[in-house]
Amino acid sequence: MAFVRVGQFKALPDTTEQLRAIYETKAIPAIRAASGNISAVLLQQHQASDTFMAITVWNTVEDAERYDRSGQAAAMVDKIRFAFAGPPSLTTYDAFGVPQQA
């Protein structure tokens, strides 16, 4: 079964476009290149455009933890930290029905 991490956060006013650009051009390619990553996306809420979810899908918990230990996760968060209106939250899930990647 796959493993999913969901980071949720609110952005400061006037930072959403820069935040999206950095996440899309820097974070997503780096996460997708990590061993065991299946997918990485950034969601921006329609009803509250300052509200975001960063979702990563991994083959295993170990793959996600290896990525964290590498320091890359913290480096990606540091790139967008300027836009945080408050501390982000992180939740994790087991994902059923997600095709595993080699």
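Heads up: numbering here begins at 1 and tracks the sequence.
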**Report entry** Shortest non-hydrogen separation from Ala21 to Thr25 and the atoms involved
**Finding:** O-OG1, 2.7 Å

Requested in this report: On the 0 to 90° scale, with breaks at 30° and 60°, tag the Phe9-Phe84 ring pair as parallel, tilted or perpendicular.
Outcome: tilted

N/O donor-acceptor pairs under 3.5 Å from side chains in residues 71-81, not counting sequence neighbours:
residue : atom : partner : partner atom : Å
Asp78   : OD1  : Arg81   : NE           : 3.2
Asp78   : OD1  : Arg81   : NH2          : 3.1

Please table the atom pairs, donor to acceptor, closer than 3.5 Å between any side-chain atom in residues 27-35 and protein atoms at least two apart or in another chain.
residue : atom : partner : partner atom : Å
Arg32   : NE   : Ala40   : O            : 3.3
Arg32   : NH2  : Ala40   : O            : 2.8

Requested in this report: Please confirm whether the backbone N or O of Ser89 pairs with a side-chain atom of Gln8, one donor and one acceptor, at under 3.5 Å?
Outcome: no

Report task. For side-chain contact (heavy atoms from CB on, under 4.5 Å), just list the numbers for Leu42 and Arg20, CA-CA rounded to whole Å, side-chain angles, deciding distance to a tenth of an Å, and then say yes or no. Result -> CA-CA 8 Å; Leu42 180 67; Arg20 282 193 325 257; 4.3 Å; yes

Query raised in the report: Are Gln18 and Phe82 close enough, and set up right, to give a side-chain contact (heavy atoms from CB on, under 4.5 Å), and what steps lead you there?
Result: CA-CA 10 Å; Gln18 187 178 6; Phe82 72 91; 3.6 Å; yes

Query raised in the report: If you measure from OG1 on Thr60 to CD1 on Ile38, what distance do you get to the nearest 0.5 Å?
Result: 9.0 Å

Query raised in the report: Considering residues, nucleotides and ligands other than Asp94, do more than 12 of their heavy atoms fall under 6.0 Å from its CG?
Result: yes

Query raised in the report: Which atoms form the tightest heavy-atom contact between Val57 and Ala2, and what is the distance?
Result: CG1-CB, 4.1 Å

Query - Hphob cluster co-occupancy, Phe3 + Val98, side-chain heavy atoms under 4.5 angstrom - result: no

Query raised in the report: How far apart are the C-alpha atoms of Phe52 and Thr16, what are their side-chain angles, what is the distance that settles it, and do they pass the side-chain contact (heavy atoms from CB on, under 4.5 Å) test?
Result: CA-CA 9 Å; Phe52 290 86; Thr16 59; 3.8 Å; yes

Query raised in the report: Is there side-chain contact between Thr92 and Val4, with at least one heavy-atom pair below 4.5 Å?
Result: no

Report task. Using a 4.5 Å cut-off on heavy atoms from C-beta on, say whether the side chain of Arg5 contacts that of Leu90. Result -> yes

Report task. Without swapping roles, check the side chain of Thr15 against the backbone of Ala11 for a donor-acceptor pair under 3.5 Å. Result -> no

Query raised in the report: Heavy-atom count around Glu24 CD within 6.0 Å, excluding the residue itself: above 12?
Result: no

Query - Check: Tyr23 and Val41 side chains under 4.5 Å, non-hydrogen atoms - result: no

**Report entry** Criterion side-chain contact (heavy atoms from CB on, under 4.5 Å) on Gln44 and Thr51, from CA distance to verdict
**Finding:** CA-CA 6 Å; Gln44 183 177 18; Thr51 302; over 6 Å; no

Query raised in the report: For the atom pair OG (Ser70) and CD (Glu65), what is the distance rounded to the nearest 0.5 Å?
Result: 12.5 Å

Query raised in the report: With a 4.5 Å heavy-atom cut-off, do Trp58 and Asn37 have their side chains touching?
Result: yes

Report task. Flag the pair Val61 / Asp63 as yes when at least one side-chain heavy-atom distance between them is below 4.5 Å, and no otherwise. Result -> no

